[in-house]
Chemist: 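Please see the structure below; I have some questions.
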Amino acid sequence: DDVDDPWEWGYSEVHHWLLTVNLQQYSEKFVNEMVDGHMLLTDITEGILKRDLHVKDIHMDKVLREIAVLQERSPMYDRWKESHIDNQSEYESSSEVSDSSFISEPPNILVRHNLDDELDIDQVGMNDFEEKNNLEAIDESTETEFTEEL
């Protein structure tokens, strides 16, 4: 009993689909990685195909095209895509407002101390404002001490 919507496919339907599109050499890997219809339609990227599912470059475009065909025929994928786009738009518009209204965490900066061509990097938080302002004076005194030792 075939499931019509690829969104609802289990591993065996994905295996069967790979056979029907003449990509059976990848079937074992897809099954071993437990790729079902939902994952196939929403999560599989070119990077995953290459890195995790070992799809060869020569077959990459075909696999992506065939997945796109399945996405087109899946009503559940259409619903997911619409809600995913709506949620993404909602997130972006809310993050724009919050980004401009306050800064929740102070950014970190890197301060470099250069003595005799050696490089030390200290991480200083913006809350350490006074210490940050005194770093130049510290650098000068350290450099003076270093040259006096020579």
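The shown structure was predicted, so the numbers you read here are calculated from the model rather than taken from an experiment. In this chain, numbering begins with 1 at the start of the sequence shown. FYI, side chains are in, hydrogens and waters are out, and symmetry mates aren't considered; it's all heavy atoms of this structure.
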Chemist: If you measure from CE on M39 to CE on M34, what distance do you get to the nearest 0.5 Å?
Modeler: 7.0 Å
Chemist: Hey, what do you get for CG (D5) to CD (E13), rounding to the nearest 0.5 Å?
Modeler: 11.5 Å
Chemist: Under a 4.5 Å side-chain heavy-atom rule over Ile, Leu, Val, Met, Phe, Trp and Tyr, are V31 and L70 clustered together?
Modeler: no
Chemist: Keeping to residues at least two apart or across chains, list the salt bridge (Lys or Arg N to Asp or Glu O under 4.0 Å) pairs with something in residues 53-65.
Modeler: K50-D57
Chemist: Once rounded to the nearest 0.5 Å, what's the spacing between atom CD of Q71 and atom CG of L40?
Modeler: 8.0 Å
Chemist: First locate atom CG of D52, then atom NZ of K29, and finally report the distance between them rounded to the nearest 0.5 Å.
Modeler: 7.5 Å
Chemist: Per the ring pair (Phe, Tyr, Trp, His ring centres under 6.0 Å) rule, what does the pair list look like for residues 27-55, sequence neighbours excluded?
Modeler: W7-H38
Chemist: In this structure, would M60 and W17 fall into the same cluster of hydrophobic residues linked by side-chain contacts under 4.5 Å?
Modeler: yes
Chemist: How would you list, by chain and number, every residue that makes a side chain to side chain donor-acceptor pair (under 3.5 Å) with D43, sequence neighbours excluded?
Modeler: none
Chemist: With the 4.5 Å side-chain cut-off for hydrophobic clustering, are V69 and V63 part of the same group?
Modeler: no
Chemist: Applying side-chain contact (heavy atoms from CB on, under 4.5 Å) to V55 and L23, what does each step give before you reach the verdict?
Modeler: CA-CA 10 Å; V55 173; L23 293 166; over 6 Å; no
Chemist: Under the 3.5 angstrom rule, does the side chain of R73 hit a backbone N or O of A68 as a donor-acceptor pair?
Modeler: no
Chemist: To the nearest 0.5 Å, tell me how far S74 OG sits from E8 CD.
Modeler: 8.0 Å
Chemist: Quick check for you: to the nearest 0.5 Å, what is the distance between Q25 atom CD and L19 atom CG?
Modeler: 10.0 Å
Chemist: Hydrophobic clustering (ILVMFWY, side-chain heavy atoms < 4.5 Å, transitive) - are M76 and Y11 grouped together?
Modeler: no
Chemist: How about CD1 on I58, more than 12 heavy atoms from neighbouring residues, nucleotides or ligands closer than 6.0 Å, or not?
Modeler: no
Chemist: Y26, L64: one ILVMFWY side-chain cluster at the under-4.5 Å cut-off?
Modeler: yes
Chemist: Mark yes when over 12 heavy atoms from residues, nucleotides or ligands other than E28 sit less than 6.0 Å from its CD; otherwise mark no.
Modeler: no
